[in-house]
Amino acid sequence: MSSDAITSREKDFAKWYQDVIRQGDLAEPAEVVRGCMVIKPHGYAIWEKIQAEMDRRIKATGHKNAYFPLLIPLSFLAKEASHVEGFAMECAVVTHSGLKAVRGPDGKVEIEVKNELEEPYVIRPTSETIIGHYFAKWIQSHRDLPMLINQWCNIMRWEMRTRLFLRTSEFLWQEGHTAHATHEESLEEVHRMLNVYADVAENVMAMPVIRGKKTDSEKFAGAVSSFCIEAMMQDGKALQAGTSHDLGQNFGRAFDVKFQNKAGEIEYVWQTSWGATTRLIGGLIMTHSDDAGLVLPPLLAPIQVVIIPIFKSDEEHAKVVEAGHKLRRECEEAGLSVVLDDRDGMRPGAKHFDWEQKGVPVRIEIGPRDVAAGSCVVKRRDKDPKEKSSLPLTGAATVLKTLMSEMQTSLLERARAFRASRMVKVDTFDQFKQALDPGGKGNFLL
RNA sequence: CGGGGCGUAGCGCAGCCUGGUAGCGCACACGGUUCGGGACCGUGGGGUCGGAGGUUCAAAUCCUCUCGCCCCGACCA
């Protein structure tokens, strides 16, 4: 209905983005905590899928997960000059511990903060400093290298302007921190992890990306150089979707992370750091979703198949649901995540819209006619909803499994085609200026 | 942080200019008829109008402050 409709992309892209998130039940602003968001179960399930795929690749490249404190001593920030300068304004600072509750005469409880800390803590805006501190303790010899650590955690950056998933004051991410014996090795690591990000983006999220180097003004505060992957959104704008930094010996020097090389000489380590965040979900939305709501690539869909029973009488209901459960079990055995939507009091059409908005890749109808014919009706989220095909119930799970990988591929191809249609290749600066001229729509690759 | 817009029921909104007992649609609850793409009828529940002050006999409405959200910009993942 009009009250919960989704604004079209053409009419208002920013509004559309928020509508998709609301209707897809992914997240909502935490209006009681400035700039933060509540990630709802469906949104969080997508994050868990991204996490799982990313984590597997991080471990496969030799890294180990660990966890470091949320709070960082203020003095740590001061050790790397350009690092503080970059993050200073975004830091939330913890200055007190303990509260005192005072009950006034009217019965109201007033709360005041109690003990001022000797040294304030900063809520981590990123963990190079505290991890650098521990690297210094853990690394003595070239035999301790490379040190390959990753942590999954939350981060706080006091942002001036926030947008759900794309930029929130608190966000979830993974941050890798590594130390190496040579610059050559650490640079190799920087690009290895950039490639992991590109792999996840393209082969899991079906989101084509371009690898690039950030300009000096854009690079990570404290890095020698920063690399990133950029994806193109449906409004033609680029989204930075993952970064990998060459930290050189900057943090090694700042935190005194030294090792003895094979020749017995003392050297500073060469470090890297790399991160990917919940922003990826924002990129996912803006890459694939349409005016009907969320579209999820099968590899990231918490629910891949929904079975909608169609019936009039109780007898029909019994038959249809029986066939539905049989199909559900077969799909589960084939490794698909599937839901039989037997919700009472909701008509089939309403169920279709509900799951469509949530981005479920395939919806299946089973009605009395299908049970009689031994078939079911299949609708793909990446196609026009009027486009339906029939599928024999026997062996349907296998066909659906294949369909999933087809959808995964076709979403990536579609996104690539879109990007190609908006991207202009230029060879000279004059061409660049010319290309920018007509309305500025589109992005450009030099 | 600069410029603009907006906070009224779970969601989307009207009412505000011109103060006078808080409304609509969807959602929700119950009953019935329905059911292959958002069903319909009837009945009902739900709001100290973001918050705090002020003006007034009287404030959703006028004034001041404040918090939050959205958009553009600068900055970032």
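Scope of the values below: all heavy atoms of this structure, side chains included, with no hydrogens, waters or symmetry mates. Computed from a predicted structure; not experimentally measured. Within every chain, numbering begins at 1; the chains are lettered A, B, ... in the order of the sequence lines, protein sequences first and strands thereafter.
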- Remember a base hit wins even if backbone is also touched, and classify A:Thr126 as base, sugar-phosphate or nothing at under 4.0 Å, heavy atoms. nothing
- Given B:A74, B:C75, B:C71, the nucleotide with the shortest approach to the side chain of A:Glu159: B:C75
- Message: For B:C69, give the paired nucleotide (Watson-Crick: N1-N3 plus N6-O4 or O6-N4; G-U: N1-O2 and O6-N3; both under 3.5 Å), or none.
- Response: B:G5
- Task: Give the nucleotide from the list B:C76, B:G38, B:C69 with an atom nearest to the side chain of A:Arg167.
- Result: B:C76
- Message: Need one value for A:Gly282: base, sugar-phosphate or nothing, where a base atom within 4.0 Å counts as base even if backbone is also close, heavy atoms only.
- Response: nothing
- Ignoring backbone atoms, establish whether A:Gln18 has a side-chain N or O less than 4.0 Å from OP1 or OP2 of B:C69. no
- Query: Under 4.0 angstrom, heavy atoms only, what part of the nucleic acid is A:Leu166 near: base, sugar-phosphate, or nothing?
  - Reply: base
- Item | Separation between the C1' atoms of B:G68 and B:G51, rounded to whole Å | 10 Å
- Note on the structure: Partner of B:G31 under the Watson-Crick or G-U wobble criteria, both distances under 3.5 Å, comes out as B:C41
- Query: A:His83 side chain to A:Lys79 main-chain N or O, any donor-acceptor pair under 3.5 Å?
  - Reply: no
- Expressed as a whole number of Å, how far does the C1' atom of B:C13 sit from that of B:A27? 14 Å
- Do A:Arg157 and A:Phe87 meet the cation-pi criteria used here (NZ or CZ under 6.0 Å from the six-membered ring centre, within 45° of the axis)? no
- Query: Considering only side-chain heavy atoms of A:Ile310, which listed nucleotide, B:G37, B:G36, B:C1, is closest?
  - Reply: B:G36
- Task: Select base, sugar-phosphate, or nothing to describe what A:Arg34 touches, counting heavy atoms under 4.0 Å on all strands.
- Result: sugar-phosphate
- Query: So what does A:Lys214 hit on the nucleic acid, given a heavy-atom distance under 4.0 Å: a base, only sugar-phosphate, or nothing?
  - Reply: sugar-phosphate
- With distance as the sole test, does A:Gln234 use its side chain to make a donor-acceptor pair with the main-chain N or O of A:Ser289 at under 3.5 Å? yes
- Task: With heavy atoms under 4.0 Å as the rule, sort A:Glu356 into base, sugar-phosphate or nothing.
- Result: base
